[in-house]
A.B. asks: 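This is the structure I have questions about; it appears just below.
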Amino acid sequence: MTAINEVVDLALEGAVAVITVNSPPVNALSANVRTGIDEAVKAAGADPAVKAIVLHCAGRTFIAGADITEFGKPWKGVPLNDVNATIEGSAKPVVAAIHGTALGGGLEVALSCHYRVAVPSAKLGLPEVKLGLVPGAGGTQRLPRIVGVEKALETIAFGDPMSAKVALDSGLVDQMIEGDLRAGAIAFANGLITAKAPLNKVRDRTDKLAVDASVFAAFRKANARKFRGFEAPEACIQCVEAAVNKPFDEGMKFERETILRLMPGVQSRAQRHVFFAERQAAKIPDVPETTPTRTIGRVGIIGAGTMGGGISMNFASAGIPVTIVEMKQDALDRGLGVIRKNYENTAKRGRLTMADVEARMARYTPSLDLSALADCDLIIEAVFENMEIKKEVFGKLDAIAKPGAILASNTSYLDVNEIAASTKRPQDVIGMHFFSPANVMRLLEVVRGAKTAPDVIATAMKLGKQIGKVAVLVGVCHGFVGNRMLAQRQREANKLILEGAMPWDVDRVLYDFGLPMGPFAMSDLAGLDIGWSRETSKSSTPRELLCELDRRGQKTGAGFYDYDEKRNASPSPVTEKIILDLAAAKGVNRRQISDEEILQRCIYPMINEGAKILEEGIAIRASDIDTVWVNGYGWPVYTGGPMFYADTIGLGTVLDVMKRFEGQHGADFKPSALLEKLVAEGKGFKDL
Ligand code: 3H9
């Protein structure tokens with residue numbers, strides 16, 4: 001075996017040269033990896049004993065892409081396109097042997113090989129669009145030549161990986177290797193030598209490129225809503241169009257120009273920020289990676305309503321048995337019925353088999369008795385959001401749960417320390433705040449109490465990852481990170497509609513900013529009567545007045561908006577009159593409010609609150625706040641989250657506007673000390 005450099009070596013197995021890349025953690029294409037592969041292919045090419053070449057990776061995965069940490073820095077080493085040209089131009093067949101994830105530049109290297117073999121668990125994809133980019137090393141030109149234009153469009157513009165099975169069916173993978181991949185790939189290469197198989201150069205293929213131009217228009221139209229606001233999907237489509245309309249080398253040039261245009265842009269910088277922010281969130285300074293974790297073999301959930309049911313599905317889907325407890329049989333039956341229906345709907349969409357549905361349902365042990373939770377390693381309470389009730393539940397759990405069990409609350413606002421104090425084991429108590437719908441939303445706020453033990457924190461964070469969530473550690477305060485900041489936006493939205501805007505104005509501005517819906521459409525969806533009762537209604541806000549008219553949101557066909565039978569919303573004259581009358585009664589002189597003011601009024605106080613959250617140590621870092629907002633509230637990922645967004649518009653601007661608003665509207669806009677300090681020092685949140 002010859003070491004080409006620190007990360008690439010070359011071994012001869014009979015007539016087959018095996019190039020192995022070994023660059024943990026994910027064999028990303030750093031300058032060393034690129035140079036190493038290039039030199040290894042050339043060395044194998046020059047060796048007369050070599051008749052075929054296998055490219056294979058050590059460790060957990062095939063090459064997972066370009067090294068994202070190198071983006072935006074001066075280019076070093078051989079460019080990836082040159083490495084790919086060396087591979088594709090080799091006079092001896094090159095076989096990519098794929099395990100783990102062949103992603104981005106990694107798949108582009110594999111596409112430059114003449115053949116591809118993979119293990120059944122492998123995943124292959126071009127996720128560059130998720131980083132605000134297009135594939136930049138031939139992916140947009142070579143993939144359609146193998147799998148056809150429509151499949152390539154979907155793969156490149158959405159960026160989701162495909163399974164090895166799908167890759168095999170679409171011709172991307174030539175053979176599936178069961179058992180040892182390296183040995184299987186060598187055997188495949190020997191087969192090529194014996195058969196004197198041709199060099200399948202993807203660049204020379206054109207048979208799959210003949211499509212009607214209407215394919216592109218149809219794809220754009222069908223996905224316009226999903227791509228709203230993003231620059232990269234359209235750029236991906238244009239690159240695939242170039243593959244169809246231009247000769248290979250010109251298509252490559254167009255792809256190159258496109259990635260170079262997108263790379264320095266705000267959207268790509270924001271999306272790369274989010275990629276690293278999500279991974280950074282797992283790192284907790286005083287709970288190092290070496291902290292032991294507790295084994296979670298069974299999870300208990302108290303409450304089978306919307307929240308409890310959704311939370312439980314995460315565990316059942318991840319293969320963890322669940323005991324679910326309700327107070328009444330009909331509530332339990334209803335809860336399990338909803339869970340089954342959710343799984344069956346997923347199966348109908350082809351993402352689960354009915355056997356999977358049954359396997360998941362079989363993981364449930366329903367019970368009406370809290371003592372059924374005695375053998376659970378983690379118990380999550382999702383009962384009514386009321387401190388007295390929570391304390392009572394935790395008091396009971398303390399008596400029932402086995403020693404060492406983790407007791408978690410799904411509270412979205414309440415004081416976890418107070419809840420913990422109702423037990424004799426506050427070290428085992430933690431908040432695990434899921435976001436609705438809990439089986440879908442990726443965010444998990446893990447709330448650390450003053451006495452929560454480090455291994456409990458480490459276990460909750462690890463479990464979050466295991467069930468496919470992005471877990472962010474936060475401290476105790478009213479509403480934690482997400483809802484505390486949301487309250488700022490909600491307050492301003494409510495004030496704005498009395499001052500002069502209408503709910504649909506506020507919603508439109510926030511929707512255009514990139515949020516999935518504005519606060520009033522959101523209230524209509526959730527139900528205006530959450531926390532409202534006719535007996536205590538004071539008739540002092542539009543929401544209360546709407547509820548009193550039984551306009552309780554989408555479920556009653558009317559709320560802030562009127563809804564048709566298909567739940568399409570339209571601005572409501574009833575709501576408008578309620579608001580105008582209320583403003584008049586309160587003596588408000590309504591005025592014209594600009595879209596710019598609506599946006600700033602809603603968003604800048606959130607940024608300011610984020611700064612206070614950092615000052616108080618409730619969030620560890622600004623990027624954790626961004627992770628919360630992107631994953632829990634649909635904040636547009638292409639602006640990077642509220643704190644990254646603040647940095648891009650400049651903290652000086654945020655501070656000036658906050659001061660102006662403070663003068664006009666009072667203390668709600670008082671700038672935080674951290675914001676003032678950062679501006680005085682010429683810094684941003686990124687510098688913390
Ligand atoms: C591209 O290829 C552009 C080309 O078209 C053209 C160029 C000219 N670079 O996620 P994990 C780190 S764009 C650098 O926790 P998992 C990651 O930060 C690229 N670092 O593990 C983390 O570091 P740390 C297209 C990377 O098992 C560690 O590896 N490729 C990269 O849950 C472990 O990561 C992609 O977008 C990278 N490319 O998931 C793939 N990837 O331990 C991005 C990972 O210090 N990567 N790291 O926190 C992924 O999707 C996942 O990491 C993967 C593994 C599925 C591979």
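Hydrogens, waters and symmetry mates are skipped; everything else that's a heavy atom, side chains included, is used. In each ligand, atom 1 is the first atom listed, and ligand 1 is the first ligand listed.
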A.B. asks: Taking only residues two or more places apart in sequence or in another chain, which ones pass salt bridge (Lys or Arg N to Asp or Glu O under 4.0 Å) with Lys469?
C.D. replies: none
A.B. asks: Counting only heavy atoms closer than 4.0 Å, does ligand 1 sit against the backbone of Ile68, its side chain, both, or neither?
C.D. replies: both
A.B. asks: Among protein heavy atoms, which lies nearest atom 30 (N) of ligand 1, and at what distance?
C.D. replies: Ala64 O, 2.9 Å
A.B. asks: Is it the side chain (CB and beyond), the backbone, both or neither of Asp67 that lies under 4.0 Å from ligand 1, heavy atoms counted?
C.D. replies: both
A.B. asks: Which option wins on minimum heavy-atom distance to atom 13 (S) of ligand 1: Glu128, Glu289, Arg34?
C.D. replies: Glu128
A.B. asks: Below 4.0 Å from ligand 1: does a non-hydrogen atom of Arg60 turn up there or not?
C.D. replies: yes
A.B. asks: Quick one, Thr206 and Phe248 - any side-chain contact, counting heavy atoms below 4.5 Å?
C.D. replies: no
A.B. asks: For ligand 1, is there an atom lying under 4.0 Å from some heavy atom of Gly139?
C.D. replies: no
A.B. asks: Holding to ring pair (Phe, Tyr, Trp, His ring centres under 6.0 Å), I want the full list of residues that pass it with His433, two or more places apart in sequence or in another chain.
C.D. replies: Phe435
A.B. asks: Relative to atom 52 (O) of ligand 1, which among Arg279, Gln280, Arg272 owns the nearest non-hydrogen atom?
C.D. replies: Arg279
A.B. asks: Record the part of Ala66 in heavy-atom contact with ligand 1 below 4.0 Å; permitted values are side chain, backbone, both and neither.
C.D. replies: both
A.B. asks: Considering all heavy atoms of both residues, which atom of Val202 and which atom of Arg142 are nearest to each other, and what is their separation?
C.D. replies: CG1-O, 3.5 Å
A.B. asks: Considering only non-hydrogen protein atoms, determine which one is nearest to atom 6 (C) of ligand 1 and report residue, atom name and distance to 0.1 Å.
C.D. replies: Gly136 N, 3.5 Å
A.B. asks: Out of Thr101, Thr61, Ile63, indicate the one that has the non-hydrogen atom closest to atom 53 (C) of ligand 1.
C.D. replies: Thr101
A.B. asks: For atom 42 (O) of ligand 1, find the nearest protein heavy atom and state the residue, atom name and distance (0.1 Å precision).
C.D. replies: Lys283 NZ, 4.1 Å
A.B. asks: Do the side chains of Leu463 and Leu378 get nearer than 4.5 Å, heavy atoms only?
C.D. replies: yes
A.B. asks: Between Arg203 and Asp249, is the closest basic N to carboxylate O distance under 4.0 Å?
C.D. replies: yes
A.B. asks: Determine whether any heavy atom of Lys465 lies closer than 4.0 Å to an atom of ligand 1.
C.D. replies: yes
A.B. asks: Do you know which two heavy atoms are closest between Ala646 and Phe685, and how far apart they sit?
C.D. replies: CB-CE1, 3.8 Å
A.B. asks: At what distance is the nearest protein heavy atom to atom 50 (O) of ligand 1, and which residue and atom is it?
C.D. replies: Leu103 CD1, 3.8 Å
A.B. asks: Mark whether atom 36 (O) of ligand 1 lies under 4.0 angstrom from at least one protein heavy atom.
C.D. replies: yes
A.B. asks: With a cut-off of 4.0 Å, which atoms of ligand 1 are near a heavy atom of Gly104?
C.D. replies: 2 (O), 25 (C)
A.B. asks: How far is atom 31 (C) of ligand 1 from its nearest protein heavy atom, and which residue and atom is that?
C.D. replies: Val26 CG2, 3.8 Å
A.B. asks: Could you list the atoms of ligand 1 found under 4.0 angstrom from a heavy atom of Gly105?
C.D. replies: 1 (C), 2 (O), 4 (C), 5 (O)
A.B. asks: Do Lys208 and Val149 touch side chain to side chain, with heavy atoms closer than 4.5 Å?
C.D. replies: no
A.B. asks: Give the atoms of ligand 1, by number and element, whose distance to some non-hydrogen atom of Pro127 is under 4.0 Å.
C.D. replies: 25 (C), 30 (N), 35 (C), 36 (O)
A.B. asks: Measure the shortest side-chain to side-chain distance between Phe158 and Pro233 over non-hydrogen atoms and say whether it is less than 4.5 angstrom.
C.D. replies: no
A.B. asks: Let's go through Phe513 and Trp635 carefully: what are the C-alpha distance in whole Å and the side-chain angles of both, what is the deciding distance for ring-ring contact (aromatic ring centres under 6.0 Å, His included) to 0.1 Å, and is it a yes or a no?
C.D. replies: CA-CA 9 Å; Phe513 179 70; Trp635 182 282; 5.2 Å; yes
A.B. asks: Below 4.0 Å from ligand 1: does a non-hydrogen atom of Glu70 turn up there or not?
C.D. replies: no
A.B. asks: Just to be sure I read this right, does ligand 1 sit under 4.0 Å from the backbone of Phe71, its side chain, both, or neither, counting only heavy atoms?
C.D. replies: side chain
A.B. asks: Heavy atoms, side chains only, cut-off 4.5 Å: are Leu103 and Leu126 in contact?
C.D. replies: no
A.B. asks: Tell me whether Arg34 is salt-bridged to Asp38, with the criterion being a basic N under 4.0 Å from an acidic carboxylate O.
C.D. replies: no
A.B. asks: Between Lys123 and Asp160, is the closest basic N to carboxylate O distance under 4.0 Å?
C.D. replies: no
A.B. asks: Is any N or O atom of Pro135, backbone or side chain, closer than 3.5 Å to an N or O atom of ligand 1?
C.D. replies: no
A.B. asks: Can we say Glu278 and Arg442 salt-bridge, meaning some charged N sits less than 4.0 Å from an Asp/Glu carboxylate O?
C.D. replies: yes
A.B. asks: Is ligand 1 under 4.0 Å from a heavy atom in the side chain of Leu131, in the backbone, in both, or in neither?
C.D. replies: side chain
A.B. asks: Return the residue, atom name and 0.1 Å-rounded distance of the protein heavy atom closest to atom 29 (O) of ligand 1.
C.D. replies: Pro25 CG, 3.3 Å
A.B. asks: Which atoms from ligand 1 have a heavy atom of Gly65 less than 4.0 Å away?
C.D. replies: 2 (O), 30 (N)
